[in-house]
Number of protein chains: 2
Amino acid sequence: MPEDRAPTRIQKKNRAAILDAALNVFSAHGFRGATVDQIAAEAGLSKPNLLYYFPSKEAIHTALLSGLLDTWLAPLHDLDAQGDPMEEILAYIQRKLEMSRDLPRESRLFANELVQGAPRIHDSLSNDLKALVDEKTAILSDWMDQGRIARLHPYHLIFSIWALTQHYADFDVQVRAILGDEDPYEGAEPFVDTLYRKLLTP
Amino acid sequence: MPEDRAPTRIQKKNRAAILDAALNVFSAHGFRGATVDQIAAEAGLSKPNLLYYFPSKEAIHTALLSGLLDTWLAPLHDLDAQGDPMEEILAYIQRKLEMSRDLPRESRLFANELVQGAPRIHDSLSNDLKALVDEKTAILSDWMDQGRIARLHPYHLIFSIWALTQHYADFDVQVRAILGDEDPYEGAEPFVDTLYRKLLTP
DNA sequence: TCTTGATTTGACCATCTGGTCAAACTCACG
DNA sequence: CGTGAGTTTGACCAGATGGTCAAATCAAGA
């Protein structure tokens, strides 16, 4: 496939269909558990046709992960040092919870990768992710120094937010097995709000 | 292999070696990502020899999961209605955190299974797990009714404990990518302790 | 319309993988 | 020892899977 020319109408459509199908399949079965045939079928293409757009299974996976990393980190990016600390953090948590609800496939894609040792995104973690987290924990530390929120280990505060919010997407089956018909997010939202309000109040 | 007779010395040794090797491999690569050859090699056996002890890859996985489920739920089982609420809950959290630290392979084994929709343990979730959680949330609700701990959604309280504690085992790579040399559990322990103390104080 | 590059496909291949089997070997016990 | 049950293995198989390729089909601009 010509890489240098501007993408044609068909290229755009098929590339998008492949990535969407791949997101379905990779997030549900992990990298190894996904098959190219399955992705191709879900995208409405034959396997050789799919491999006309991406050189390999690995390439699809990589394209997905790097394409979604920004989306995934956007909520933290928006945490604003100028805003009110409690409002900023609660809004961040709110956004993360919404992402869990609205983009569960993305959450599980990353979860699959991380739980297996992140063989394909190890670098992004130690570089991009670490840099962003360092930047934002510095803000949290400032707020703590100023006595505007309770003093806590800022890294673990971030971890707790990730753990709590992504749990609902990543372990959805377990949550639903226990809650039955109840909508997980209806209870989760006030719960995490209360939790962090209590935790962060100095 | 003779199933009915009492297991010989060799059977005990090899079955144990296989299950240990399988725990390594399944927890690191998921069911589909694990190969029988890999498990056999790690157990120090040839593939046909391994299949002399377990009829199939699936059987090893099932044996592992059901054998470990009790271990995994033991900390919650120990939550005692007669004890002091705050102490009981904090002790439960402590036990869960220790399990994350000491049995990360087991945590990741379950995480792998859950994130992919728990195709092989769906029943255990809706039966055993749900029953246990229902029993223990009833205790939590009583404590809340008596005003001994803050009123919260009891299911989400449990979820939050699972999420927070298992996060350190399941997403170990991510945690370490951010913390660098710092021991995750050194910071995690006081953090979760503070968190739940603040959250549960009425 | 015609041409050329873009797109699609059927047939094919090499490798991996779960699993089988008969034959060989080893161990415990009378 | 000897013997029968328990254990191990090399050779093998069928199906799945990632990937290739030449040929056929299609789309759009000149």
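Here is how names work: the chains are called A, B, and so on, in the same order as the sequence lines, proteins then strands, and each is numbered from 1. These numbers come from the heavy atoms of this one structure, side chains and all, not from hydrogens, waters or symmetry mates.
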Atom-to-atom span, [atom1] of [X] to [atom2] of [N] - whole angstrom:
| X | N | atom1 | atom2 | result |
| --- | --- | --- | --- | --- |
| A/Asn49 | C/dT9 | CG | P | 5 Å |
| B/Ile10 | C/dT26 | CD1 | C1' | 8 Å |
| B/Leu51 | C/dG18 | CG | P | 9 Å |
| B/Ile60 | C/dG19 | CD1 | C1' | 12 Å |

Scan for ring pair (Phe, Tyr, Trp, His ring centres under 6.0 Å) pairs involving residues 79-100 of chain B, sequence neighbours excluded, and state none if there are none.
none
Quiz item: cation-pi between B/Arg176 and B/Tyr168, 6.0 Å / 45°
no
Cationic tip of A/Arg108 within the cone over A/Phe26's six-membered ring, i.e. under 6.0 Å and within 45° of the normal?
no
If you measure from the Lys or Arg side-chain nitrogens to the Asp or Glu carboxylate oxygens, is any gap between A/Arg105 and A/Asp20 under 4.0 Å?
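A/Asp20 and A/Arg105: salt-bridged.
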Flag the pair A/Phe191 / B/His153 as yes when their ring centroid distance falls below 6.0 Å, and as no otherwise.
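That pair fails the under 6.0 Å test.
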For C/dT7 and A/Gln11 - does any side-chain N or O of the residue sit under 4.0 Å from the phosphate oxygens OP1/OP2?
yes
Side-chain N or O of A/Tyr52 closer than 4.0 Å to phosphate OP1/OP2 of C/dT8
no
What verdict does the salt bridge (Lys or Arg N to Asp or Glu O under 4.0 Å) test give for B/Asp142 and B/Arg148, after you've listed the backbone C-alpha separation in whole Å, the side-chain angles of each residue and the deciding distance to 0.1 Å?
CA-CA 9 Å; B/Asp142 283 348; B/Arg148 305 219 270 165; over 6 Å; no
Identified side chain to side chain donor-acceptor pair (under 3.5 Å) counterpart of B/Ser107 within the set B/Asp170, B/Asp102, B/Thr165
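The single option meeting the side chain to side chain donor-acceptor pair (under 3.5 Å) with B/Ser107 is B/Asp170.
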Using a heavy-atom cut-off of 4.0 Å across all strands, would you classify B/Phe54 as base, sugar-phosphate, or nothing?
nothing
Reading DNA chain D in the 5' to 3' direction, which nucleotide is the first one with an atom under 4.0 Å from a heavy atom of chain A, and which is the last?
D/dT17 to D/dA28
Within residues 13-41 of chain A, residues whose heavy atoms come under 4.0 Å of DNA chain C:
A/Asn14, A/Arg32
Mind telling me whether A/Phe159 and A/Tyr155 have parallel, tilted or perpendicular rings, with 30° and 60° as the class edges?
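Because their plane-to-plane angle is under 30°, the rings of A/Tyr155 and A/Phe159 count as parallel.
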On a plain distance test, is the side chain of B/Lys57 in donor-acceptor contact with the base of C/dG19 below 3.5 Å?
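No such pair is found, so the answer is no.
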For A/Gln38, is there any backbone N or O sitting under 3.5 Å from a side-chain donor or acceptor partner on A/Thr35?
yes
